[in-house]
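What you see is a predicted model, and the numbers here were worked out from it, not measured in a lab. The first residue in the sequence is number 1, and the count goes up from there.
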Amino acid sequence: MGGLIGYSQYSGAAGHPKWPSWGGLRVSFVVVAVNAGVAGAAVLTRGRAAAGAAAAATLLAATLAFGWVRLGEAGGGRPKFPVALVQPSIEQALKWDAAHEVETVATYLELTRRRPRTGRA
């Protein structure tokens with residue numbers, strides 16, 4: 001990861017749909033700029049802090065707006081193909097025991113081949 005601050009945002013704000021192509025440096029820039037604006041507003045005089053806080057707020061608002069637009073383009077988050085989860089009830093000790101490997105894989109395959117139930121859990 002290289003220790004970049006931007007990687008701390010992997011599951012965060014709405015700006016993330018574009019962030020993989022931005023790279024860690026650009027995302028780090030947004031994070032640091034917003035934090036600098038907040039810190040400046042806290043320690044500088046009102047007049048001196050206004051420009052930095054305004055720039056940081058504008059940058060953050062633009063990033064979030066862009067993310068919300070991109071999320072809207074994704075089709076509401078619904079997959080274009082059915083997705084199902086397979087979770088067999090196999091004891092952990094048996095799941096990793098080489099003597100039960102064939103049986104464990106057969107259980108997974110059987111559950112995968114079954115027609116999944118529709119609807120949400």
### Query
For V43, what are the other residues in its hydrophobic cluster, where any two members join if their side-chain heavy atoms are less than 4.5 angstrom apart?
L44
#### Entry: side-chain hydrogen bond (donor to acceptor under 3.5 Å, both in side chains) contacts touching residues 95-104 (sequence neighbours left out)
Q92-W96
### Message
Please give me the minimum heavy-atom distance between A49 and G40, naming the atom from each residue.
### Response
CB-O, 3.3 Å
## Note on the structure
Correct closest heavy-atom pair for A56 and G37 would be CB-CA, 4.0 Å
### Query
Hey, what do you get for OG (S89) to CG (L111), rounding to the nearest 0.5 Å?
10.0 Å
### Query
Under a single-linkage rule joining Ile, Leu, Val, Met, Phe, Trp and Tyr whose side-chain heavy atoms are separated by less than 4.5 Å, which residues share a cluster with V102?
none
### Query
Closest heavy-atom contact between L60 and V34?
CB-CG2, 3.8 Å
### Query
Hydrophobic cluster mates of L109, side-chain heavy atoms under 4.5 angstrom, ILVMFWY only, any path?
V105
